[in-house]
2 protein chains.
Amino acid sequence: MRETGVKDRILETASRLFYDQGYNQTGINQIIDEADIARASLYHHFPSKTDLLLAYLDRTHELWFGELETYMQPIAGARERLLALFDFRVRRQLKLKYKGCHFNKIVAETCEDQQVFDRVRAHKDRFRRYIHDLVRQTDHRKLLDDETLTETLFLLLEGAIAMGAMYRSPDYVEKAKRIAGSFL
Amino acid sequence: MRETGVKDRILETASRLFYDQGYNQTGINQIIDEADIARASLYHHFPSKTDLLLAYLDRTHELWFGELETYMQPIAGARERLLALFDFRVRRQLKLKYKGCHFNKIVAETCEDQQVFDRVRAHKDRFRRYIHDLVRQTDHRKLLDDETLTETLFLLLEGAIAMGAMYRSPDYVEKAKRIAGSFL
DNA sequence: GTCTATAAAATGATAGAC
DNA sequence: GTCTATCATTTTATAGAC
């Protein structure tokens with residue numbers, strides 16, 4: 001019956017619950033129940049809830065960029081790709097019910113933990129580099145230099161995702177896309 | 001000895017703890033201990049933890065705009081005032097140790113609650129209107145129309161505050177200010 | 001209004017059998 | 001590696017005296 005291994009099922013269930021209802025509002029008991037595994041199996045694979053959190057962040061990071069690559073693969077042209085980043089985020093908002101960025105959410109609900117910071121920053125750093133690489137390939141209007149344009153697009157997206165979570169709406173990312181279009 | 005009333009002391013203590021260590025990571029017991037009041041006094045003034053949360057949001061909203069007015073009062077000129085919004089946020093980041101926006105944090109760590117949404121949205125709506133009023137008074141470069149410029153400044157700020165919380169740094173708000181300056 | 005004592009449930013984590 | 005049973009705390013909230 002079990003298509004997936006126990007460890008994967010634990011991590012998948014925990015990931016879903018951590019995002020949907022929050023890390024602190026998700027108890028070990030609920031993970032055990034919904035993953036349909038034994039209590040000790042969880043603690044065998046993940047010695048503490050913090051270990052599960054770190055695994056969640058790593059898994060989310062991998063999936064995130066995997067989905068990005070898949071989404072971007074058929075899109076040609078650096079300018080089109082930059083604008084497609086906004087479409088990618090809108091698509092994710094819809095799928096994830098506008099609950100915002102996984103990484104921002106975790107930062108907001110956990111206290112200072114260096115291992116958490118390392119992971120969320122690595123995620124955002126990589127996304128900023130992704131934008132920067134595309135910006136350098138475009139022949140944009142030069143209203144802003146490459147670095148400033150990169151930061152502008154990045155901050156517009158981050159702000160729009162945060163407001164999307166607050167208003168449960170794709171409007172802000174769509175507005176951000178139009179603003180971005182005027183600089184490109 | 002008691003300079004402030006019991007109800008105020010409860011709300012002040014809860015507010016500090018909700019922001020510093022998170023709403024879900026703050027227990028009623030800790031609030032009682034640190035406010036140095038009796039258990040039943042808390043439940044007399046705030047029938048549930050959710051009532052305390054709503055009072056926290058209302059209080060934070062009032063204080064936020066009160067501090068904004070005080071900060072902006074001596075600053076002359078709409079363009080200077082728009083740029084001063086970024087300085088105001090940097091000043092707050094420093095004071096609050098870069099933990100980000102109170103309202104975004106609460107959205108990130110509580111499940112859908114209409115009363116919470118109403119308050120956080122009212123806060124952001126009011127801030128957007130504040131920006132819009134200033135934008136209309138400026139004689140800006142017209143690279144963007146008033147509505148788009150308003151939304152750009154707003155999203156840049158929101159993104160920068162979110163990244164400030166992630167990187168525990170004022171760099172993003174300062175970068176956002178420079179970007180804003182190039183549109184004004 | 002404020003107090004102490006306590007309830008009822010949920011929390012993260014461990015022990016020891018198989 | 002997986003299981004069940006259980007532990008010690010902590011959680012939000014209530015009861016009843018003063």
Side-chain angles (χ1 to χ4, degrees), chain A residues 1-59 105-106 108-116, chain B residues 1-59 105-106 108-116:
Chain A
M1 250 301 168
R2 288 179 185 163
E3 306 89 36
T4 55
V6 169
K7 184 170 184 176
D8 286 343
R9 214 156 68 244
I10 296 169
L11 189 49
E12 279 167 23
T13 305
S15 296
R16 175 173 55 78
L17 295 172
F18 286 172
Y19 184 68
D20 285 351
Q21 59 184 35
Y23 173 72
N24 285 309
Q25 289 180 288
T26 301
I28 296 289
N29 292 334
Q30 190 182 7
I31 297 169
I32 287 163
D33 288 347
E34 298 202 15
D36 194 33
I37 49 97
R39 173 162 228 84
S41 298
L42 189 148
Y43 281 100
H44 171 75
H45 292 294
F46 304 97
S48 76
K49 196 185 175 188
T50 301
D51 290 289
L52 199 44
L53 169 60
L54 298 177
Y56 159 65
L57 293 175
D58 289 339
R59 176 182 180 272
K105 247 173 95 77
I106 288 298
E109 66 173 332
T110 58
C111 280
E112 340 255 309
D113 177 321
Q114 195 54 50
Q115 293 185 288
V116 170
Chain B
M1 249 302 168
R2 289 179 183 163
E3 305 90 35
T4 57
V6 170
K7 185 169 183 177
D8 285 343
R9 213 157 70 245
I10 295 169
L11 189 49
E12 279 167 24
T13 306
S15 296
R16 174 172 55 79
L17 294 172
F18 286 172
Y19 184 68
D20 285 350
Q21 59 183 35
Y23 173 72
N24 285 309
Q25 290 181 286
T26 301
I28 297 289
N29 293 335
Q30 191 182 6
I31 297 169
I32 288 163
D33 289 347
E34 300 203 14
D36 194 32
I37 49 99
R39 171 162 230 84
S41 298
L42 189 148
Y43 282 101
H44 171 74
H45 293 293
F46 305 98
S48 75
K49 195 185 175 187
T50 301
D51 290 290
L52 199 43
L53 170 60
L54 298 178
Y56 159 66
L57 294 175
D58 290 337
R59 175 182 182 272
K105 245 172 96 79
I106 287 298
E109 66 173 331
T110 59
C111 278
E112 341 253 310
D113 177 321
Q114 195 55 49
Q115 294 185 289
V116 170

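Every chain is numbered from 1 and lettered A, B, ... according to where its sequence line falls, protein lines coming before strand lines. What you see below is based on every heavy atom in this structure, not just the backbone, and it leaves out hydrogens, waters and symmetry mates.
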**Request:** Cation-pi check, B/Lys49 to B/Tyr43: give yes when NZ or CZ is under 6.0 Å from the six-membered ring centre and within 45° of the ring axis, no otherwise.
**Result:** no
Provide, to the nearest angstrom, the distance between the [atom1] atom belonging to [X] and the [atom2] atom belonging to [N].
{"X": "A/Tyr43", "N": "D/dC3", "atom1": "OH", "atom2": "P", "value": "16 Å"}
{"X": "A/His45", "N": "C/dT14", "atom1": "NE2", "atom2": "C1'", "value": "17 Å"}
{"X": "B/Phe46", "N": "D/dT14", "atom1": "CZ", "atom2": "P", "value": "16 Å"}
{"X": "A/Ile32", "N": "C/dA10", "atom1": "CD1", "atom2": "P", "value": "14 Å"}
{"X": "A/Leu53", "N": "C/dG12", "atom1": "CG", "atom2": "P", "value": "12 Å"}
{"X": "B/Lys49", "N": "D/dT14", "atom1": "NZ", "atom2": "P", "value": "15 Å"}
{"X": "A/Leu42", "N": "D/dT4", "atom1": "CG", "atom2": "C1'", "value": "15 Å"}
{"X": "A/Asp33", "N": "D/dT4", "atom1": "CG", "atom2": "P", "value": "12 Å"}

### Message
Would you say A/His44 places a side-chain N or O within less than 4.0 Å of OP1 or OP2 belonging to C/dT14?
### Response
no
Walking DNA chain C from its 5' end, the first of A/Pro47 and B/Ser41 to be reached, judged by nearest nucleotide, is B/Ser41
State, without any angle test, whether B/Glu34 and B/Thr13 hold a side-chain donor-acceptor pair at a distance under 3.5 Å. no
**Message:** Testing the 3.5 Å rule here: is there a donor-acceptor pair between the side chains of B/Gln25 and B/Glu109?
**Reply:** no
In short, B/Tyr19 meets B/Lys105 closest at the heavy-atom pair O-CE, 3.2 Å
For A/Val6 and A/Ser41 the tightest heavy-atom approach is CG1-CB, 4.2 Å
Within residues 19-30 of chain A, the residues having a heavy atom closer than 4.0 Å to DNA chain C are A/Thr26, A/Gly27, A/Ile28, A/Asn29
Could you go through residues 51-59 of chain A and list every donor-acceptor pair under 3.5 Å that involves a side-chain atom there, pairing it with any protein atom two or more places apart or in another chain?
from, atom 1, to, atom 2, distance (Å)
A/Asp51, OD2, A/Ser48, N, 3.2
A/Asp51, OD2, A/Ser48, OG, 2.9
A/Asp58, OD1, A/Arg119, NE, 2.9
A/Asp58, OD2, A/Arg119, NE, 3.4
A/Arg59, NH1, A/Ser15, OG, 3.3

